[in-house]
2 protein chains.
Amino acid sequence: MEKAQTLGVRAQQKEKTRRALINAAMNQLSAETGFSSLSLREVAREAGIAPTSFYRHFRNMDELGLTLVDECGLTLRQLLRQARQRIDKGGSIIRVSIETFMQFVADNTAIFRLLLQERTGRSREFRKAVERELEHFKAELIEYLRDEQGFSALLADLQSDAIVKIVFSAGADCFDVDDTQRLQIAEQTIQQVRLVARGAEATRRAKVE
Amino acid sequence: MEKAQTLGVRAQQKEKTRRALINAAMNQLSAETGFSSLSLREVAREAGIAPTSFYRHFRNMDELGLTLVDECGLTLRQLLRQARQRIDKGGSIIRVSIETFMQFVADNTAIFRLLLQERTGRSREFRKAVERELEHFKAELIEYLRDEQGFSALLADLQSDAIVKIVFSAGADCFDVDDTQRLQIAEQTIQQVRLVARGAEATRRAKVE
DNA sequence: CAGAACAGCTAACACCTGTACGCTGAATTC
DNA sequence: GAATTCAGCGTACAGGTGTTAGCTGTTCTG
């Protein structure tokens, strides 16, 4: 709204169809097909524009894909940051974070699948982009473990890397699963993260003594 | 050899071109493209047969893909089982298993990528197939933790699930990486698995007391 | 208000895709 | 040795793909 007025009718409209393209891509992703086998023409069709008009917004499909990856990571991180603020009113940080994460996966299955899928597939550029997102999570977790929990830099790194791996893998487990099963997975993941935390704690003690 | 004689010239030749198709698919996988965007025609071309002859061996590309997944899981499991036997002559089971695993990933990058990629993508049937492979690993690990290490069923399950997640995620980290970096990743993974093991140990103690 | 900018369009291109059909020649069977 | 089986082939079709070139009408700019 506020930006729209300063943007002019034209740019406003352009942004609108850009969103339409992004949404169309996300919709087609939620079907059975992966991003790599989805076509410029079909995306354009669903967005309601001519195939050739696609190029007014993205140089090719890959550019659209990278946009999707960026957006997905961004919104997920925002969500988790909000969740962490809610913790100050009491509650386990592990539990709240993981439950938030799982809720995100359930709500945005298609786009989260893109994230996980392109982590191992497609072009190197895609993989780098996803890895960058995972690094963001890891970095925030490291900061927390070091500053709030007093872990050494090395142990914080090792620990958070393991946790990110466990949590994102658990996210992948949620794809073909109903709500109650998802809650079970969340519960299991919480316990696993606690396992790691406990191991790190034990390691710290062993080194201090 | 021994089977070839009883198999007849004809069946022998058929098996040969079947392998050619499988190898062709693996080769094309090692390029940049994922399995979903790889075409029957190109695979047939690389295998040196006419496109239509493909159907003499597989009903469609998906059937070929599932074959690939099965084979990959099978050889990896055999490798790990061999590794575990070598352990009896001394050496940490964690270290030997993970180093074997990482070596496999380095040698069979293309097909391992298929495994990880189809875990989150494509048809439900593919995902189920990959999940089945992961379950096999988990099951063997559970057995070891329960019988040899004396963990409770619940704790063994929790622990091995976490370990499989960590190790396979680490495998994904090896894609765009040279040999020395891969060794670093292996080292880090070993420490992380030990973290989990230590956490599980601490949990067991806490429950006993 | 004239002129530039530009999102979106249509038409057309060269190419690739999966698959149906029917044939051929060698291996197999009886 | 005649009959059958069947892996592999060539042809052909209908439909999809990305991308180029050039037009149109609206919005923005000076």
Side-chain angles (χ1 to χ4, degrees), chain A residues 1 3-25 27-29 31-68 121-123 125-126, chain B residues 1 3-25 27-29 31-68 121-123 125-126:
Chain A
M1 266 297 188
K3 216 174 186 180
Q5 286 175 340
T6 70
L7 225 61
V9 180
R10 198 182 200 114
Q12 200 175 335
Q13 175 57 29
K14 180 167 184 179
E15 182 59 24
K16 209 168 163 186
T17 72
R18 193 186 130 99
R19 298 289 343 159
L21 281 170
I22 292 177
N23 289 337
N27 268 351
Q28 308 210 351
L29 234 37
E32 288 278 288
T33 53
F35 181 82
S36 53
S37 62
L38 119 113
S39 89
L40 182 152
R41 284 178 108 105
E42 269 193 47
V43 170
R45 197 176 308 140
E46 183 160 333
I49 64 170
T52 50
S53 300
F54 179 94
Y55 297 105
R56 304 283 183 203
H57 302 272
F58 303 97
R59 212 169 327 126
N60 47 44
M61 282 295 286
D62 277 16
E63 200 170 292
L64 204 180
L66 290 173
T67 304
L68 253 54
R122 208 141 181 70
S123 66
E125 199 177 358
F126 259 83
Chain B
M1 256 319 174
K3 216 174 185 181
Q5 286 175 342
T6 69
L7 224 62
V9 180
R10 199 183 201 112
Q12 200 175 335
Q13 175 57 30
K14 179 165 185 180
E15 182 59 23
K16 209 170 163 186
T17 73
R18 193 186 130 99
R19 297 290 342 159
L21 281 170
I22 291 178
N23 289 337
N27 268 349
Q28 309 213 348
L29 233 39
E32 288 279 286
T33 51
F35 181 82
S36 54
S37 61
L38 119 99
S39 89
L40 182 151
R41 282 180 109 106
E42 270 193 46
V43 170
R45 198 175 307 142
E46 183 161 333
I49 63 169
T52 49
S53 300
F54 179 95
Y55 297 104
R56 304 283 183 202
H57 302 272
F58 302 98
R59 214 171 325 126
N60 47 43
M61 281 295 286
D62 276 17
E63 200 170 293
L64 204 181
L66 289 173
T67 304
L68 254 52
R122 207 139 180 73
S123 65
E125 198 177 357
F126 260 82

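For the numbers below, each heavy atom of this structure counts, side chains included, while hydrogens, waters and symmetry mates do not. Below, read A as the first sequence line, B as the second, and so on, with proteins coming before strands; counting in each chain starts at 1.
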Euclidean distance, atom CD of residue A:Q13 to atom C1' of D:dC28 [Å, nearest integer]
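From A:Q13 CD to D:dC28 C1': 15 Å.
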Between atom CD1 in B:I49 and atom P in D:dA7, what is the gap in whole Å?
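In whole Å, D:dA7 P lies 11 Å from B:I49 CD1.
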Taking the side chain as C-beta and beyond, is there a heavy-atom pair between [X] and [Y] under 4.5 Å?
X	Y	value
B:L64	B:L40	no
A:D62	A:E125	no
A:F58	A:I22	yes

At under 4.0 Å between heavy atoms, how does the protein contact nucleotides 15-25 of chain D? Give one character per nucleotide, 5' to 3', with B, S or -.
--SBBBB---B
Taking it one step at a time, do B:H57 and B:T67 satisfy side-chain contact (heavy atoms from CB on, under 4.5 Å)?
CA-CA 11 Å; B:H57 302 272; B:T67 304; over 6 Å; no
Residues forming a salt bridge (Lys or Arg N to Asp or Glu O under 4.0 Å) with B:E63, sequence neighbours excluded:
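In terms of salt bridge (Lys or Arg N to Asp or Glu O under 4.0 Å), with neighbours along the sequence ignored, B:E63 is linked to B:R59.
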Can you sort out the partners of B:R19 under salt bridge (Lys or Arg N to Asp or Glu O under 4.0 Å), two or more places apart, ordered by chain and number?
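B:E71.
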For A:A20, what residues pass the side-chain contact (heavy atoms from CB on, under 4.5 Å) criterion, not counting sequence neighbours?
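Here the qualifying residues are A:A47.
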Pairs flagged by salt bridge (Lys or Arg N to Asp or Glu O under 4.0 Å) wherever residues 37-56 of chain A is involved - sequence neighbours left out
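Every pair satisfying salt bridge (Lys or Arg N to Asp or Glu O under 4.0 Å) with a residue in residues 37-56 of chain A: there are none.
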So, is B:S53 near the phosphate of D:dC9, with a side-chain N or O under 4.0 Å from OP1 or OP2?
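For D:dC9, OP1 or OP2 has a side-chain N or O of B:S53 closer than 4.0 Å.
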On DNA chain C, reading 5' to 3', which nucleotide is the first and which the last to sit with an atom under 4.0 Å from a heavy atom of chain A, could you check?
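Nucleotide range with atoms under 4.0 Å of chain A: C:dA5 to C:dA12.
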